[in-house]
Amino acid sequence: MLRLSTLFVRTLREDPADAEVPSHKALVRAGYIRRAAPGGFSWLPLGWLVYRNVERIIREEMDRAGFQEVHFPALLPREPYELSGRWTDYGDNVFRLKDRRGNDFIMAPTHEEMFTLLVKDLYSSYKDLPLVIYQIQTKYRDEARPRAGLLRGREFVMKDSYSFDIDDEGLAVSYQRHRDVYIKVFERLGLPVVIVSAMSGAMGGSASEEFLAPIDVGEDTYVRCTSCDYAANVEAVRVPPPPAEDNVDAPPAAVEDTPDTPTIVTLVDLMNARDDLRRSDREWTAADTLKNVVVKLRHPDGTFEPLAIGVPGDRDVDMKRLEAAVLPAAAEPFADADFAAHPELAKGYIGPGVLGVASSSDIRFVVDPRVVDGTRWITGADRPGRHVVGLVAGRDFTPDGVLDVADVRAGDACPDCGGSLELARGVEMGHIFQLGRLYATALGLTVLGPDGQQITPTMGSYGIGVSRAVAAIAETTLDELGLCWPRQVAPADVHVVVAAKPGSEQFPAAERLAGELEQAGVRVLLDDRDTVSPGVKFKDAELLGVPTIVVVGRGLADGVVEVKDRRTGERRDVALAEVVTALRG
RNA sequence: CGGGGAGUAGCGCAGCCUGGUAGCGCUCCUGCUUUGGGAGCAGGAGGUCGGGGGUUCAAAUCCCCCCUCCCCGACCA
């Protein structure tokens, strides 16, 4: 039994100044966690109880699925990461250190290599597969900017599992099993999640889905169709291309003088103001223009490549979508110095004249899916103050490819049903994806197949943010009074408040009741403090967020106590003799 | 790493502009009173004013450098 008179906790009357997001404020105010380092938190007894409940539920579901838990060192040697190429790929995001002999180590940011090597170490036959092993461990990443309390620390706990199969069919089964387990886990945690398709990015592989908790302060943006069940991370949205048009007979493109129109807005204004350029049927809009944005790709080998991206003028290039699309390269803005190195690019007036197939430059030119053959555009003429009107895609220029990285907006068409998309924010709680043979190949994991040939197994990777889940659950359940835990993860089932004078009969009565509840298997937090007033106890009970609050107070004279539901605020009087039965669940 | 804000008692803040005894509320301790919605009175404890340099008779306050925290961006689970 937890007793507030001796529990190692101190609630704060005011929000901590260094917290911004509601869950962070509430967890600190309620005495669940304390900041201990940049991006690092200490767990106090109540917080640790919640954490352990979350961890236990995840572990139970993993074990029930037949997955087996392993445990790795957090301090890892350099070699495995050298083999996979991630010693350098990870860059500044990993904590590095040396031992006394000068050997390199890292604080594990993730354990793909160790899993792969462990299987290589022990298994050598296809008969040993499939296999799923998992860990629940602390990960260390030197985040440039830790924030939002537990939602994004530099030290955090993840459940990570890896599946090993001999073929794609097996991988698909392992993937589906994880998907089913995850749905059950989040349901048990009381954490609402939206499953969205995600990029698998540089990791290769095909299927990849994220489990996002819908939280306003989340750092992931996703879309959801208002008509069908399509949902995707904004990075993974695929814009449905419009049908190609037959415009080969359209009037030839004409170069026009358009002085002082370096931006889309100025260009459209000028087009509509000029009698000779005005459209007869409607006004020109930004969507009639083709904006060519140049960025610089930094490849993993350190080389740079300019890339021109043509998007409809009413859209911008979404840097996050671009980054996701060009992995493992990174995208950087095209600086003035870069323009100086490419005099053929007239800033503000860049057009397909110098881009694309058979063009004068060797700059790769990719376009938005909306730029299909036959569409007509107003775009730069590659000379300051000049634009081309009526340029037909496929007839007058041919891009080197399609790249779907324009910003996604609410109201955009759903790629599945054509309905309308809406945008929302979320926190990534889980991620499942088919990793493929990347690590197995890099680390030389093979097994002997039935025909005596070496087979490289294919892998799946599946994560759940454990410590993050505590914050996410808090975030999605708290209210203006404080925390409000789902019973499964709450630090106790019942919070017994003694509201009476010290020395009064309520104290021993509450003790007895708490004892009986415990006997009946109910987890009890007893506020047996005789030094604080009832008002303080009520406030604390609400702040701490135990789902049921029992008040042993003035009703005791009539043989009743008050049973209050923390979430709904509903309260009812229950005869003392019936409390245990009523609360046993 | 870019832009903005902020570091003064355990927590939340004022003081800084205009240099001169370090303050307020909460918390904590002692005593008395109080006990169904963050109690009252009285007394008390607690601070190298983020760190280091400098200016000055004198620095929380002015100047320089550094560190940390928060927010927006970049990056990431």
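Every chain is numbered from 1, with letters handed out A, B, ... down the list of sequences.
If you check distances only, the side chain of A:Lys564 does reach the base of B:G37 with a donor-acceptor pair under 3.5 Å. Between the side chain of A:Arg29 and the base of B:C11 there is no donor-acceptor pair of N/O atoms closer than 3.5 Å.
For A:Arg34, the listed nucleotide lying nearest its side chain is B:C11; candidates were B:A77, B:G36, B:C11. Distances were taken from every side-chain heavy atom of A:Arg468 (C-beta onward) to each of B:G36, B:A77, B:C75; the shortest belongs to B:A77. The nucleotide whose nearest atom lies closest to any side-chain atom of A:Lys501 is, among B:U35, B:A77, B:C13, B:U35. Which of B:C75, B:C11, B:U35 sits closest to the side chain of A:Pro502 comes down to B:U35. Of the listed nucleotides (B:C71, B:C13, B:G36), B:C13 has the atom at the smallest distance from the side chain of A:Ala17. Relative to the side chain of A:Arg571, the nucleotides B:C70, B:A77, B:G36 differ in distance, and B:G36 lies closest. For A:Arg141, the side-chain atoms get nearest to B:A77 when compared with the rest of B:C11, B:C28, B:A77. Listed candidates were B:A77, B:G25, B:C70. Nearest to the side chain of A:Glu20 is B:C70. For A:Arg554, counting side-chain heavy atoms from C-beta on, the closest listed nucleotide (B:G36, B:C70, B:G37) is B:G36. Side-chain proximity of A:Arg35 to the nucleotides B:G37, B:C69, B:C28 is greatest for B:C69.
Summarising the base pairing, B:G23 is matched to B:C13 through a Watson-Crick or G-U wobble pair whose two defining distances lie under 3.5 Å. Taking a pair to require two hydrogen-bonding distances under 3.5 Å in either a Watson-Crick or a G-U wobble arrangement, B:G37 remains unpaired. Base-pair partner of B:G2: B:C72 (Watson-Crick or G-U wobble, both distances under 3.5 Å). Using Watson-Crick or G-U wobble geometry with both donor-acceptor distances under 3.5 Å, B:U56 finds no partner in any strand shown. Base pairing annotation: B:C28 forms a Watson-Crick or G-U wobble pair with B:G44, both donor-acceptor distances under 3.5 Å. A 3.5 Å limit on both hydrogen-bonding distances identifies no Watson-Crick or G-U partner for B:A77.
Side chains of A:Ser163 and A:Tyr462: a donor-acceptor N/O pair is present below 3.5 angstrom, by distance only. A:Asp104 and A:Tyr81 form no side-chain donor-acceptor contact under 3.5 Å, judged by distance and modelled atom types alone. Side-chain atoms of A:Tyr182 and A:Glu61 form no donor-acceptor pair, as typed in the model, at a separation below 3.5 Å.
B:C75 atom C1' lies 14 Å from atom CZ of A:Arg154, rounded to whole Å. Between A:Glu475 atom CD and B:A77 atom P the separation is 20 Å, expressed in whole Å. Between the C1' atom of B:U8 and the CG atom of A:Asp18 lies a distance of 16 Å, rounded to the nearest Å. The distance from atom NZ of A:Lys139 to atom C1' of B:C76 is 15 Å, rounded to the nearest whole Å. Between the C1' atom of B:G73 and the CD atom of A:Glu219 lies a distance of 13 Å, rounded to the nearest Å. For the pair A:Asp220 CG and B:A74 P, the computed distance is 13 Å after rounding to whole Å. Atom CG of A:Asp15 is separated from atom P of B:C70 by 15 Å (rounded to the nearest Å). For the pair A:Arg529 CZ and B:U27 P, the interatomic distance rounds to 12 Å; values are reported in whole Å.
Not one side-chain nitrogen or oxygen of A:Ser533 sits closer than 4.0 Å to the OP1 or OP2 atom of B:U35.
Using atom C1' as the reference point in both B:C71 and B:C29, the two lie 39 Å apart (nearest Å). Atom C1' of B:G4 sits at a distance of 29 Å from the matching atom of B:C24, rounded to the whole Å. Straight-line distance between the P atoms of B:G50 and B:A6: roughly 14 Å, to the nearest whole Å. B:G15 and B:G47 have their C1' atoms separated by 14 Å, given to the nearest Å. For B:C49 and B:C41, the C1' atoms lie 32 Å apart once the distance is rounded to whole Å. For B:U18 and B:C63, the P atoms lie 10 Å apart once the distance is rounded to whole Å. Using atom C1' as the reference point in both B:G46 and B:A22, the two lie 13 Å apart (nearest Å). Using P as the reference atom, B:C11 and B:U48 are 13 Å apart when rounded to the nearest Å.
Checked for salt-bridge contact, A:Glu428 and A:Arg152 miss the test: no charged N lies under 4.0 Å from a carboxylate O. In this structure, A:Glu60 does not pair ionically with A:Lys159, as no charged nitrogen and carboxylate oxygen lie closer than 4.0 Å.
The ring of A:His111 has its center no closer than 6.0 angstrom to the ring center of A:Tyr162.
Two residues are said to be in side-chain contact when any heavy atoms from C-beta on lie closer than 4.5 Å; A:Leu583 and A:Thr548 meet this criterion. Using a 4.5 Å heavy-atom threshold, the side chains of A:Leu189 and A:Val54 count as touching.
Without hydrogens or angle criteria, A:Glu542 side chain to A:Leu481 main chain gives no donor-acceptor distance under 3.5 Å.
An aromatic stacking contact links A:Phe156 with the base of B:A77, defined here by ring centres under 5.5 Å apart and ring planes under 30° from parallel.
Across all strands shown, A:Gly463 has no heavy atoms under 4.0 Å from either base or sugar-phosphate atoms. A:Pro16 comes within 4.0 angstrom of the backbone, heavy atoms only, and of no base. Within the 4.0 angstrom heavy-atom criterion, base atoms lie near A:Thr11. Here A:Gly153 lies in heavy-atom contact (under 4.0 Å) with a base. Residue contacts shown for A:Val497 are absent, as no nucleic acid heavy atom lies under 4.0 Å away. In this structure, A:Val551 reaches the bases: a heavy-atom distance under 4.0 Å links it to at least one base atom across the strands shown.
Take the nearest nucleotide of RNA chain B for A:Glu155 and for A:Leu12: the residue whose nucleotide is more 5' is A:Leu12. Mapping A:Glu542 and A:His24 onto RNA chain B via the closest heavy atom, the residue that lands nearer the 5' end is A:Glu542.
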